[in-house]
Amino acid sequence: MTPTARSAGLLAVGALLLTSGCAALSDDSGSSASGSDSGKVQVAAAFYPLEFVAERVAGDLAEVTPLTKPGVEPHDLELSINQTAALQSADLILTEHGFQPAVDDAVEQDVKGEVVDVEKVVELRKAEEGHEEGHEEGHEGEEEHDHGESDPHFWHDPLLMAQYAESVRDALVEADPDNAETYEANAKSLTEDLTKVDEEFKAGLAQCKIKDVVVSHDAFGYLDKYGLEFESIAGLTPDAEPNPAQLAEIGEHAKEHGVTTIFSERLVSTALADTLADDLGLKTAVLDPIEGLSADTEGEDYLSLMRQNLDALKAANGCQ
């Protein structure tokens, strides 16, 4: 069954459940999927960075349903009946078109809520020409994820996160005008926190002995604003593996630029990064793409994970 057909089927089942009087479906964690009886704004957030923004801007005035649970690689998300119902009943849907095909399919099926799509409110950078195409072609037998010409990983630029937060604030104010001042104050507080992280990255990476970074997949391009250059083992999605010739080229690049560390990540296999590091006699470390939380990071949030990434980059690249 194709993803589109699967999503359409789930939507049909979700609609039947909703019309039969099931006002609040429980998800796998036991929490309410719609929560419509609470009187709070219902928000469905497609994956973790969008969930973080929603929770900070809405505070306790909304119920935020995350569609991607901790430990799930967001690109691989397939919606359950309860998640489909949550999308249908949400007042506000936070998503990024092209990042999660299952969510895109569901949103196209006549949801009633306001959709705040990253692609429409944030200026995304273009994917590096040739880079994504080469890696995708090197991974045979896997369905490609089509990100188009844009790099979707905007949240690695804290100022773009602040830009998205403004759109979320505006949508919340429209849905719940009586609490406009609270949403505005929360968004302002979040923007201050995000600006501080941006300043920490600028200062922390201003003087690095090594400018090149080898990462597991091409999720960190927005960090090049701080003066580093990122070479990825995989493409824009973690399952887009390079062929042997590309892997050898990455190894030569690492040697030529004095790279000390090959970065792997959480939620996906570390095998490629570990193998490359072993072949080159280099260290390994974790650089979190912050696409979703894991069992190891459930107690963290976007801000703390960004700071962990900063510390890891400073250590690997000799930054003072």
Side-chain angles (χ1 to χ4, degrees), residues 71-76 125 127-145 147 151-153 156 201 204-205 207-292 294-297 305-320:
V72 176
E73 213 296 318
H75 295 92
D76 299 332
R125 77 194 295 268
E128 293 184 23
E129 292 184 7
H131 185 78
E132 171 72 355
E133 178 183 358
H135 284 314
E136 295 287 0
E137 289 177 352
H139 190 64
E140 298 180 358
E142 289 284 347
E143 181 180 344
E144 292 184 9
H145 296 276
H147 291 303
D151 181 345
H153 306 90
H156 288 289
F201 267 80
L205 301 178
Q207 297 183 4
C208 298
K209 295 178 181 178
I210 302 167
K211 294 293 185 182
D212 288 75
V213 186
V214 176
V215 295
S216 182
H217 90 277
D218 191 13
F220 302 95
Y222 287 86
L223 291 177
D224 66 7
K225 65 178 277 189
Y226 302 111
L228 298 181
E229 296 183 11
F230 291 81
E231 181 72 16
S232 63
I233 299 173
L236 285 174
T237 59
D239 59 1
E241 297 178 5
N243 59 41
Q246 290 165 336
L247 199 59
E249 184 180 340
I250 293 168
E252 288 300 316
H253 179 90
K255 288 186 210 175
E256 181 182 345
H257 293 87
V259 170
T260 66
T261 305
I262 305 298
F263 285 104
S264 62
E265 63 186 68
R266 302 178 177 98
L267 298 180
V268 296
S269 171
T270 64
L272 274 175
D274 292 342
T275 298
L276 182 59
D278 287 343
D279 290 345
L280 299 174
L282 301 179
K283 297 182 290 185
T284 58
V286 171
L287 201 65
D288 198 324
I290 322 182
E291 294 178 346
S294 70
D296 295 331
T297 61
L305 290 173
M306 284 290 285
R307 290 186 168 106
Q308 286 181 18
N309 282 350
L310 174 58
D311 290 341
L313 289 169
K314 288 168 65 176
N317 289 58
C319 307
Q320 299 178 350

Exercise. Parallel, tilted or perpendicular: which fits the ring planes of Phe230 and Phe220, with parallel below 30° and perpendicular above 60°?
Worked result: parallel

Exercise. Is the backbone of Pro289 close enough, under 3.5 Å, to the side chain of His156 for a donor and an acceptor to pair up by distance?
Worked result: yes

For this session: Check the pair Lys211 / His257 against side chain to side chain contact (heavy atoms under 4.5 Å, CB included), numbers first and verdict last.
Result: CA-CA 8 Å; Lys211 294 293 185 182; His257 293 87; over 6 Å; no

Problem set entry | Tyr226 side chain to Gly204 backbone, donor-acceptor under 3.5 Å | no

For this session: Can you see which heavy atom on Leu205 is nearest to which on Cys208, and at what distance?
Result: O-SG, 3.5 Å

Exercise. Does the side chain of His217 come under 3.5 Å of the side chain of Glu291 through a donor N or O and an acceptor N or O?
Worked result: yes

For this session: Apply side chain to side chain contact (heavy atoms under 4.5 Å, CB included) to Asn309 and Ile290, showing your working.
Result: CA-CA 10 Å; Asn309 282 350; Ile290 322 182; 3.9 Å; yes

Exercise. Can you name the closest pair of heavy atoms from Leu282 and Val259 and give their distance?
Worked result: CD2-O, 3.4 Å

Problem set entry | Check: Leu247 and Asp279 side chains under 4.5 Å, non-hydrogen atoms | no

For this session: Kindly give the heavy-atom pair with the smallest separation between Ala312 and Leu287, and that separation in Å.
Result: CB-CD1, 4.3 Å

Problem set entry | CG-NE2 distance between Leu280 and His253, expressed to the nearest 0.5 angstrom | 11.5 Å

For this session: Would you name the heavy atoms of Val214 and Ala254 that are closest together and state the gap between them?
Result: CG2-CB, 4.2 Å

Exercise. Which is it for Phe201 and Lys225 under the side chain to side chain contact (heavy atoms under 4.5 Å, CB included) test, yes or no, and what are the steps along the way?
Worked result: CA-CA 10 Å; Phe201 267 80; Lys225 65 178 277 189; over 6 Å; no

For this session: Verify, without hydrogens or angle tests, whether Glu252 (side chain) and Glu249 (backbone) share a donor-acceptor contact under 3.5 angstrom.
Result: no

Exercise. To the nearest 0.5 Å, what is the distance between CG (Asn317) and OG1 (Thr260)?
Worked result: 6.5 Å

Exercise. Which pair of heavy atoms, one from Gly292 and one from Leu267, lies closest together, and at what distance?
Worked result: O-CD1, 3.8 Å

Problem set entry | Minimum heavy-atom distance Ile210-Ala316, with the two atoms named | CD1-O, 3.9 Å

Exercise. Applying the side chain to side chain contact (heavy atoms under 4.5 Å, CB included) test to Ile250, which of Leu276, Leu272, Ile262 qualifies?
Worked result: Leu276

Exercise. How many angstroms lie between OG1 in Thr261 and NZ in Lys283, if you round to the nearest 0.5 Å?
Worked result: 4.5 Å

Problem set entry | CE on Met306 to CG on Asp288, rounded to 0.5 Å | 10.5 Å

For this session: Could you tell me whether a side-chain N or O of Ser216 sits under 3.5 Å from a main-chain N or O of Phe263, the two making a donor and an acceptor?
Result: no

